[in-house]
S.K.: 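Questions regarding the structure given below will be posed in turn.
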Amino acid sequence: MARFLVNRLGQAVLLLAIVSMLGFAILHLAPGGPLSQFALSSQMTQEDLDRITRQLGLDRPLPIQYADWLWRMLRGDWGNSYRDGEPVLKIIGAHLGATLELMATATVIAILLGCWVGILGAIRRYSIFDQLATVGAMVALSIPTFWFGLIAIYLFSVTLGWLPSGNRHTVGEEGSLLDMIHHLIAPALVLALVETAMWGRFMRSSMLDVINQDYIRTARAKGLPEWRILSQHALRNALLPMITVAGLQFPTLLGGALVTETVFTWPGMGRLFLDSIGYRDYPVVMGILMFSATMVLIGSLIADILYAVVDPRIRVG
Amino acid sequence: MTVAALPIEHVTPAQAAWRRFRRHRLAMAGAVVILVLILGSTIGPFLLPFDDKFIDIMHRFAPPLTGAHVLGTDELGRDVLARLMMGGRVSLAIGIVAMLIAMGVGIVIGTFAGFYGGVLGAALMRFVDAVLCFPAIFLLLALAALIEPGILATTILISATAWMSVARIVEAQMRALRERDFAAAAVAFGASDLRIMFKELLPNAMAAIVVAATLNVAKAILLESYVSYLGYGIQPPAASWGNMLNNAQIYMTSAPWLAIVPGIAITLAVTSFNFLGDGLRDALDPRLDIH
């Protein structure tokens, strides 16, 4: 196990290094480089730009700049926003809670609903339910999330008037839990749609893999009641690969959150990202890009380690 | 006693694949829908009495089935069906071209990584892993903000965020194929590495590649709709299915068809390509057949 851990951690660090190089490269790909914001301003002459370039050390060789940038990133200095001068990490921190709240709610809905549909589909393979669920999952994976959000707003806010059309709170009712849940329902369900479809598909195939195994036949031969075979013998093993699914799902979930937040004017990291792009606020854009990539990396690392903990067979490889 | 000759039917692999494909009703339906969408958006605009960019302020927000405006008009009085067809040209073309570029890059990287393995393979695949750490939409928007938006730029950016999964699939296939006897035979014949890779091994990975290509078109159409909806893809007055939804949210109460119509087109196209890919997987690779 120790060897597996070291191996896996080493890989993650290597990946993080490549990810950071990519991020650095993107930042320098910007027309005018990191200074493009100032270059657009008519307040500055070329001489000013040259002087700032020297002051910020942008005339040094790229590898040295990269090392410097990386060192500052590691120490928590992710630069300041062009917009209001606030430290990037602080801005991300202020928006992270809303995003996590949305993602966590959507994930819980998706896991419960997806596993239920997947398990039932596997047990009653090729039944009407299974076929409808399979087709439904494919359609759900094909609907643009933002459009589904628009339709949800049209139905539940505009036509029926049941749910608010956006934001996280009603102004003046920031502390109310009921108000919070009221605002959370629509965006969480919209974000959960794609996730549910994915969980359902993976759960179904994982369950099918398990119920065709010999030990399930043995359990049946022993005369165990069917519900016990399914819940005690099959489900426990079928759920294991879902840990990997959770890790793989993470980038999709983040991307979906960005779009959902935009449609529902949800004050999270995704909308911050889009606003920052609009303002050409590269430090914040880069910060969120690096932050989400790091989160994805850590997510898959945790999934891998957890999977190795629950399934000792894979530690060998 | 005479033994009646058993009717022996000669079935080529292609015929067998076609039969398996035909049995997949949803894939057949998908193929038909794709054909209709492609024909509709290529020929359709010539059959309509309206130009997709013709602004008619006197007849804005006409609901569907008003006179000759089958799908109504938008906030500038432009015919929605005409824009849907012209937008279909852009969205479908981007989907297909972005897929071709992504396949090209993914196949070359995957082939080299899988065939040579070792340090080169590991380096290439770690690069693939690293790019995959960035959620596609984040990467796409960050890159889109850096360059002048347009059809070509959007296409290239979408393929830049889509080639990695292809590289992974091809790499796995090549790694398995290079151990096979016919690969060793090709080496014994003194074939060059390039010849072995692209002439001997790659055709055997074709089933996986065709399936990945189909699913990639679906993904590319979806990504185009995301960036264009968010305003960083296809720029007006040109229409795409994504940017038709750009302003739709504002007019949701008074003109819901502006939001409903393009979304149905996107969902229909993406679902069809996904089902087509599913059907092709069953048809081309019988070992994966779950039925």
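Every chain is numbered from 1 and lettered A, B, ... according to where its sequence line falls, protein lines coming before strand lines.
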S.K.: Any idea how Tyr229(B) and Phe146(A) line up, ring-wise: parallel (<30°), tilted (30 to 60°), or perpendicular (>60°)?
M.R.: parallel

S.K.: Taking heavy atoms only and a threshold strictly under 4.5 Å, list by residue number the residues of residues 153-169 of chain B that touch chain A; give 'none' if the list is empty.
M.R.: none

S.K.: Given 3.5 Å as the limit, does a donor-acceptor pair link the side chain of Gln249(B) with the main chain of Val263(A), or not?
M.R.: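 Looks like yes, one N/O pair under 3.5 Å.
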
S.K.: If I take atom CZ from residue Phe275(B) and atom CE from residue Met28(B), how far apart are they, to the nearest 0.5 angstrom?
M.R.: 14.5 Å

S.K.: Quick one: sort the Tyr116(B) and Phe112(B) rings into parallel, tilted or perpendicular, breaks at 30° and 60°.
M.R.: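 If you compare the ring of Tyr116(B) with that of Phe112(B), the planes turn out parallel.
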
S.K.: What heavy-atom pair brings Met244(B) and Pro262(B) nearest, and what distance separates the two atoms?
M.R.: CB-CG, 3.8 Å

S.K.: So which of Val158(A), Ile143(A), Thr252(A), Ile151(A) has the biggest tally of heavy-atom pairs under 4.5 Å with chain B?
M.R.: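 If we count pairs closer than 4.5 Å to chain B, Ile143(A) comes out on top.
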
S.K.: Do you know which two heavy atoms are closest between Gly277(B) and Leu215(B), and how far apart they sit?
M.R.: CA-CD2, 4.0 Å

S.K.: So which of Asp129(B), Thr253(B), Ile266(B), Ile260(B) has the largest heavy-atom pair count under 4.5 angstrom toward chain A?
M.R.: Ile260(B)

S.K.: Counting neighbours of CG on Leu160(A) that are heavy atoms of other residues, nucleotides or ligands and sit closer than 6.0 Å, is the number greater than 12?
M.R.: yes

S.K.: Checking Thr159(A) against chain B: side chain, backbone, both or neither under 4.5 Å from a heavy atom?
M.R.: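 No part of it gets close to chain B.
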
S.K.: Ser272(B) and Gly30(B): which non-hydrogen atoms are nearest, and at how many Å?
M.R.: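 Of all heavy-atom pairs spanning Ser272(B) and Gly30(B), the closest is CB-O, 3.5 Å.
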
S.K.: What part of Leu16(A) lies closer than 4.5 angstrom to a heavy atom of chain B: side chain, backbone, both or neither?
M.R.: neither

S.K.: Is atom CZ of Arg22(B) surrounded by more than 12 heavy atoms (other residues, nucleotides or ligands) closer than 6.0 Å?
M.R.: yes

S.K.: Measure Leu268(B) against the heavy atoms of chain A and call it side chain, backbone, both or neither at under 4.5 Å.
M.R.: neither

S.K.: Quick check on Leu253(A) against chain B: is it the side chain, the backbone, both or neither that has a heavy atom closer than 4.5 Å?
M.R.: neither

S.K.: What part of Val139(A) gets closer than 4.5 Å to chain B, counting heavy atoms only: side chain, backbone, both or neither?
M.R.: both

S.K.: With only heavy atoms counted, which part of Leu143(B) is less than 4.5 Å from chain A, the side chain, the backbone, both or neither?
M.R.: side chain

S.K.: When you check the gap from the basic side-chain N to the acidic O, do Arg8(A) and Asp304(A) get nearer than 4.0 Å?
M.R.: yes

S.K.: Does atom OH of Tyr66(A) have more than 12 heavy-atom neighbours from other groups under 6.0 Å away?
M.R.: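 Result for OH/Tyr66(A): enclosed.
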
S.K.: If I measure from the heavy atoms of chain A, does Ala136(B) come under 4.5 Å with its side chain, its backbone, both, or neither?
M.R.: neither

S.K.: Does any backbone or side-chain atom of Tyr232(B) lie under 4.5 Å from a heavy atom of chain A? Answer side chain, backbone, both or neither.
M.R.: side chain

S.K.: For Val19(A), is it the side chain, the backbone, both, or neither that has a heavy atom closer than 4.5 Å to a heavy atom of chain B?
M.R.: both

S.K.: By a 4.5 Å heavy-atom criterion (distance strictly below it), what part of Tyr154(A) contacts chain B: side chain, backbone, both, or neither?
M.R.: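 Both backbone and side chain.
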
S.K.: Leu141(B) versus chain A, heavy atoms under 4.5 Å apart: side chain, backbone, both or neither?
M.R.: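 Its backbone and side chain both get close to chain A.
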
